[in-house]
Every structure is written in C-alpha cells, then in structure tokens.
Amino acid sequence: MNTEIPEACIQAIANARHIVVLTGAGVSAESGILTFRDALEGLWAKYDPRELATPEAFERDPELVSRWYDMRRLMCRDTSPNPGHGAIADLQRRTERSGGTFTLLTQNIDGLHQRAGASDVIELHGSLWKWRCASCYTPATDLPEPLAEFPSPCACGGFLRPGVVWFGEALSHDDLTAAAAACDACDVFLSVGTSGVVYPVAGLIDLVSVRGAPTIEVNPDVTPQSGQVTWSLRGPAGEVLPALVDSIGA
Ligand code: OAD
C-alpha cells in the first residue's frame with residue numbers, strides 16, 4: 001500500500017469510543033459500481049444521472065426512470081462488497097465490542113455495507129432495495145428481479161418508485177437528526193469516498209471540526225474538505241481502510 005497512515009491517526013481511531021463514519025460512492029468504486037459523477041457507459045451514457053434522479057424526471061417518464069433504477073439495483077445485486085466495506089464492518093464490531101458507539105452514515109443506495117456485515121446503517125439518501133408507491137407511499141415488498149413492468153403499478157393506481165432521495169427532495173428528518181447527534185458527540189469522524197459537495201450531508205463534518213475533534217478523509221483525490229480535515233489519507237478505500245483497521249488490531 002502506498003498511503004502512509006500517521007501514527008497519531010491510528011491512535012485517534014484506536015482510542016476512540018464514539019466513531020462516526022460517513023461514506024460516499026467512492027467506497028463502492030472498487031466493487032465495480034461507478035461513482036455518482038463517473039460518466040455512465042453504454043445505454044445510459046447519454047443520460048446525465050442528475051437528469052434522472054429527480055421527481056420531475058419520474059413524473060415525465062416513469063418508465064425510463066424505473067428502468068434506470070432497476071438496472072442499477074440489479075447491477076448492485078451482482079457486485080460484492082470490497083475490503084473497504086469489510087474493514088468498516090470490522091471497525092464497527094471492534095468499537096461496539098469494547099462498549100463504544102459506531103455510527104455508519106452512507107450516501108450510497110447500493111446496500112453493500114449491510115452485505116459486508118455492517119449493522120444499523122443510516123442510508124441518508126435511501127436505498128435501491130426499498131421501493132414504494134409514489135402516490136400512496138405503500139412500501140413495495142418481494143420485488144421481482146428484474147421488475148415485471150416499467151413502471152410497476154401499485155394497487156392504488158399509482159406507480160412504484162425507488163426509495164431514494166432525489167435532487168430537490170428532503171432527507172429523512174429522523175436520519176439527519178441522528179446523524180447530527182452522532183457528529184456532535186463523536187471522538188473521531190472518518191469520511192470515506194465522498195466528493196463532499198452535496199449538502200446537507202457535506203456539512204456534517206463541520207459539526208466535528210468546530211469541536212476540534214479529529215477528522216480523517218480517505219480519498220485518492222483532493223476534495224473541498226481536504227483542507228479542513230486533520231488527516232487526509234490519499235488512497236483507495238479498499239486499500240487504506242484494511243490497513244488502518246489492521247494497524248489498530250480490530
Ligand atoms: P461522487 O461521485 O460525487 O464522489 C465520489 C468520491 O469518491 C470522489 O471524491 C472520488 O475521488 C472518490 N473515490 C473514487 N474512487 C475511490 C476509492 N476507490 N476509494 C475512495 N474514494 C474514491 O459521489 P458522492 O460523494 O457519494 O446524491 O456523491 C454524493 C451524492 O451526490 C450522492 O449520494 C448523490 C449525488 O448527488 C443524490 O443522489 C441525492
């Protein structure tokens with residue numbers, strides 16, 4: 001591994017009793033899932049995700065939007081968690097086993113943290129695996145893979161939509177409240193694989209920095225938050241996180 005992890009950074013994680021980890025699309029990149037801002041290939045290359053992930057797009061073309069999300073759901077089903085997901089789950093077990101608290105916040109909708117063994121994941125932007133009726137909000141269960149119809153009907157006459165947060169939609173108040181409370185109380189904050197440009201999630205790190213608590217960023221690229229974090233670990237999550245967790249003896 002090429003990324004040097006400062007001893008003080010290792011100690012900050014090793015001694016922390018209350019840890020918050022925030023992940024973005026970058027933690028799933030090594031599982032083969034394109035990050036949000038990567039250009040999509042093939043059939044979907046001509047669509048800009050920011051044009052499909054909106055209530056207006058669904059209203060305008062529910063077939064196209066439900067096909068796009070179902071394609072992403074099946075793509076995620078056919079991928080596997082990578083060592084970065086595994087290291088986060090290991091760190092959660094270690095922290096909770098020693099009586100500490102571990103709050104895993106993710107912007108990802110792929111469900112890979114849970115498949116790697118993490119629990120109580122707060123999916124701030126929802127999940128590809130939780131569809132509901134766009135009209136009556138009834139959750140859909142036992143969805144066929146792939147969906148049988150595009151868009152899929154609800155008994156009320158409405159259409160099923162993915163249970164994800166679209167541009168212009170509010171995040172769950174309860175999730176945001178829980179995330180902010182964890183950030184207000186944590187000993188260390190670890191930001192993994194996010195460009196840190198989409199609010200309100202991108203603002204969570206400020207709740208930690210303002211208290212002078214240590215913050216760590218794991219990202220091969222520089223982000224707008226790189227200048228504010230205590231340590232920037234400039235490398236891929238699938239390499240850096242296992243090395244970090246091995247260093248503390250999870
Ligand atoms: P982005 O695609 O904006 O950013 C992914 C980040 O991961 C970038 O900073 C990459 O440098 C980094 N990255 C790439 N490969 C990596 C690796 N192997 N290990 C670690 N980091 C890596 O995705 P997000 O930040 O998750 O919101 O985007 C946040 C939100 O913007 C998404 O949830 C979505 C989008 O608007 C909604 O859809 C509501």
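Remember, it's 1-based here, ligands and their atoms both numbered in the order they're listed.
- Across all their heavy atoms, P224 and G196 have their closest contact at CG-O, 4.3 Å.
- In this structure V165 satisfies the side chain to side chain contact (heavy atoms under 4.5 Å, CB included) test together with H125, E169, L171, sequence neighbours excluded.
- Considering backbone and side-chain N/O atoms, T223 never comes within less than 3.5 Å of an N/O atom of ligand 1.
- Contacts of V198 with ligand 1, taken as heavy-atom pairs under 4.0 Å, involve the side chain alone.
- Contact annotation for A29 and ligand 1: only side-chain heavy atoms (C-beta onward) come within less than 4.0 Å of the ligand.
- Of the polar atoms of G193, at least one N or O is found under 3.5 Å from an N or O of ligand 1, judged by distance alone.
- Distances below 4.0 Å separate heavy atoms of A25 from the following atoms of ligand 1: 23 (O), 24 (P), 26 (O).
- The distance from the OG1 atom of T141 to the NZ atom of K130 is 14.0 Å, given to the nearest 0.5 Å.
- At least one heavy atom of P220 sits less than 4.0 Å from an atom of ligand 1.
- The contact set between ligand 1 and D221, taken as ligand atoms under 4.0 Å from a residue heavy atom, comprises 11 (O).
- Both I88 and I216 belong to a common hydrophobic cluster when Ile, Leu, Val, Met, Phe, Trp and Tyr are linked at side-chain heavy-atom distances under 4.5 angstrom.
- Residue contact check: G24 has heavy atoms under 4.0 Å from atoms 26 (O) of ligand 1.
- At a heavy-atom cutoff of 4.0 Å, ligand 1 is contacted by no atom of W166, backbone or side chain.
- For atom 14 (C) of ligand 1, the nearest non-hydrogen atom from the set S31, G168, G26, S28 belongs to G26.
- For S31, the side chain to side chain contact (heavy atoms under 4.5 Å, CB included) criterion is met by N82, H85, L112, not counting sequence neighbours.
- Closest approach of N108 and A25 over heavy atoms only: OD1-N, 2.9 Å.
- The shortest N or O to N or O distance between N108 and ligand 1 is not below 3.5 Å.
- A salt bridge between E56 and R60 is absent, with no side-chain N of the basic residue lying under 4.0 Å from a carboxylate O of the acidic one.
- Proximity to E30 (heavy-atom distance under 4.0 Å) selects the following atoms of ligand 1: 17 (C), 18 (N), 19 (N).
- The residues D90 and R93 are annotated as salt-bridged, a charged nitrogen and a carboxylate oxygen being separated by less than 4.0 angstrom.
- Cation-pi geometry between R161 and W166 is satisfied (NZ or CZ under 6.0 Å from the ring centre, within 45° of the ring normal).
- Compare H125, Q107, E217, Q225 by their heavy atoms: the one nearest to atom 29 (C) of ligand 1 is in Q107.
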